[in-house]
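Please read these numbers as outputs of a predicted model, since none were measured by experiment. Labels below follow one simple rule: chain letters A, B, ... track the order of the sequence lines, proteins then strands, and each chain is numbered from 1.
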Number of protein chains: 2
Amino acid sequence: MKRVEPEILTRTERLADEIAAAVLSGEFAPGRRLDEAMLAERFGVSRTPVREALRRLASTGLIDLKPRRGATVADATSAQLETLFGAMAEIEAACARLAAMSMTPIERRRLQNLHESMAALARRGDRDEYAAANVVFHACVYSGAHNGILAEFAGGLRRRLAPFRRAQFRTEGRLARSHAEHAVVVAAILACDAVAAHAAMFDHMSLVEDALGRLGAASRASA
Amino acid sequence: MKRVEPEILTRTERLADEIAAAVLSGEFAPGRRLDEAMLAERFGVSRTPVREALRRLASTGLIDLKPRRGATVADATSAQLETLFGAMAEIEAACARLAAMSMTPIERRRLQNLHESMAALARRGDRDEYAAANVVFHACVYSGAHNGILAEFAGGLRRRLAPFRRAQFRTEGRLARSHAEHAVVVAAILACDAVAAHAAMFDHMSLVEDALGRLGAASRASA
DNA sequence: ACCAGAATATGTGCATGCAATATGACTGGA
DNA sequence: TCCAGTCATATTGCATGCACATATTCTGGT
């Protein structure tokens with residue numbers, strides 16, 4: 001029996017997680033300045049691990065870090081958002097393609113089960129539960145691609161976009177449509193149809209972007 | 001007239017570049033331990049910027065960094081190499097697809113000119129010049145995709161793979177074949193044929209991987 | 001009143017020092 | 001002889017302090 005890693009986290013790693021959580025929860029809003037001394041005091045450590053945690057978060061794009069100017073929570077312009085969603089769509093589609101080719105029977109079964117269980121959530125309109133399951137769904141596709149590099153990149157993009165897609169499922173009927181799009185993806189993957197899986201996932205992600213774009217336009221119009 | 005950035009590099013940034021250069025040049029071989037104190041003395045700085053540079057390089061995958069165990073130059077197992085090449089192929093193909101759709105006429109013209117100038121290099125078998133031009137060629141495709149996120153990721157993967165593909169063009173006839181594959185990619189992009197561009201680039205990258213695989217097998221057999 | 005320049009203040013970049021942990025040598029027992 | 005346990009050393013993780021760059025405020029001039 002192989003021992004798993006002891007999982008001893010350094011302060012830096014825990015800090016990175018905590019700061020990321022604060023950003024993703026919205027407590028640290030996009031554009032907000034992240035002062036090293038402030039963070040150090042808040043989390044009860046010195047500035048050194050704070051600095052290292054900030055560097056790490058900057059490498060994932062969650063925060064902006066300019067030399068001698070400090071860190072701010074990344075706020076994306078609409079152009080950058082479009083770039084992010086575009087990249088996301090490409091990567092997710094690539095993962096779906098690979099997943100269709102290389103998922104094991106067990107993985108395919110798990111994906112199918114998960115998808116079917118999401119039908120109930122969509123039907124009864126449980127947005128929070130559906131959103132949580134949705135993350136798992138996409139993570140299934142990532143891991144099914146059997147390419148850790150792509151999976152990590154996809155996960156990073158998803159986290160980075162998280163602050164801007166929280167309201168994604170608010171649009172009326174989005175849940176049902178999302179589930180219908182998933183169905184096409186799942187069918188293609190189960191059929192080992194790489195081309196169809198790519199197209200279906202790309203379609204799904206593009207529609208997500210559209211939905212968010214309309215939502216953003218609506219909120220701007222109402223403001 | 002907008003002033004360009006002052007371009008003041010911090011010690012950490014310069015260090016990251018210098019260490020990366022040492023790794024890419026082969027001076028720091030894969031698997032080698034990178035001692036903080038050693039690097040600090042060698043580059044005449046304290047350990048703090050060394051630590052931060054190492055973190056940055058770790059985030060790009062160029063080095064491995066384990067808590068309390070220090071840094072080593074990343075040595076990829078063949079399985080990891082396969083993953084890297086797989087991801088690379090997917091990303092490059094995605095960039096080619098986007099480039100076919102969104103390159104400007106000027107960008108298309110530049111790509112075509114570059115490709116044509118590479119014909120001479122391939123014909124006279126100038127491996128070094130061809131390799132350099134090859135990097136520019138792929139960079140052209142990245143930038144033509146008009147997606148900074150994907151371009152950055154692709155560039156990172158390329159750097160990460162650099163230590164293992166240095167001998168890529170040593171195989172007899174690889175230059176000519178590479179140029180022929182490029183021709184298919186260029187034709188598809190110039191024709192705005194997204195699907196063909198994707199397929200052609202994917203093909204090209206897969207063949208690169210094959211060539212490298214055979215080379216690796218040969219060198220192992222001769223050892 | 002507004003703008004330019006200087007002085008102040010804040011905050012980052014880096015150096016150094018200490019404590020904690022991992023690695024390797026060493027000793028004792030089976 | 002081999003293995004387990006202990007000890008010594010080396011190296012990382014973190015705290016603290018200082019210098020310099022950047023941001024802000026204040027002052028004087030137009």
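- As rounded to whole Å, 14 Å separates atom C1' of C:dT10 from atom CE of A:Met38.
- Residue A:Glu36 contributes atom CD, which lies 15 Å from atom P of D:dT22 at whole-angstrom precision.
- Near DNA chain D, meaning a heavy atom under 4.0 Å away, the residues from residues 40-55 of chain B are B:Arg47, B:Arg51, B:Arg55.
- If you measure from atom CZ of B:Arg33 to atom P of C:dA22, you get 13 Å, rounded to the nearest angstrom.
- Comparing C:dG13, C:dC14, D:dC14 by their nearest atom to the side chain of A:Arg11 picks out D:dC14.
- A:Glu18 is linked by a salt bridge (charged side-chain N to carboxylate O under 4.0 Å, His left out) to nothing, counting only residues two or more places apart in sequence or in another chain.
- Listed by chain and residue number, B:Phe169 satisfy the ring pair (Phe, Tyr, Trp, His ring centres under 6.0 Å) test with B:Tyr130 (two or more places apart in sequence, or in another chain).
- The separation between A:Ile63 atom CD1 and C:dT12 atom P is 11 Å, rounded to whole Å.
- For the OP1/OP2 pair of C:dT23 and a distance below 4.0 Å, the side-chain nitrogens and oxygens of B:Arg69 include at least one atom meeting the criterion.
- Looking at residues two or more places apart in sequence or on another chain, you find no side chain to side chain donor-acceptor pair (under 3.5 Å) involving A:Arg33.
- Atom CD of A:Glu13 and atom C1' of D:dG13 are 11 Å apart (whole Å).
- Side chain of A:Asp35, nearest nucleotide from C:dT12, C:dC14, D:dG13: C:dT12.
- Residues passing the side chain to side chain donor-acceptor pair (under 3.5 Å) test with A:Arg51, sequence neighbours excluded: A:Glu36, B:Glu52.
- The residues B:Arg174 and B:Glu181 are annotated as salt-bridged, a charged nitrogen and a carboxylate oxygen being separated by less than 4.0 angstrom.
- The side chain to side chain donor-acceptor pair (under 3.5 Å) search around B:Glu92 returns B:His138, B:Tyr142, B:Arg158, not counting sequence neighbours.
- The phosphate of D:dG13 has neither OP1 nor OP2 within less than 4.0 Å of any side-chain N or O from A:Thr12.
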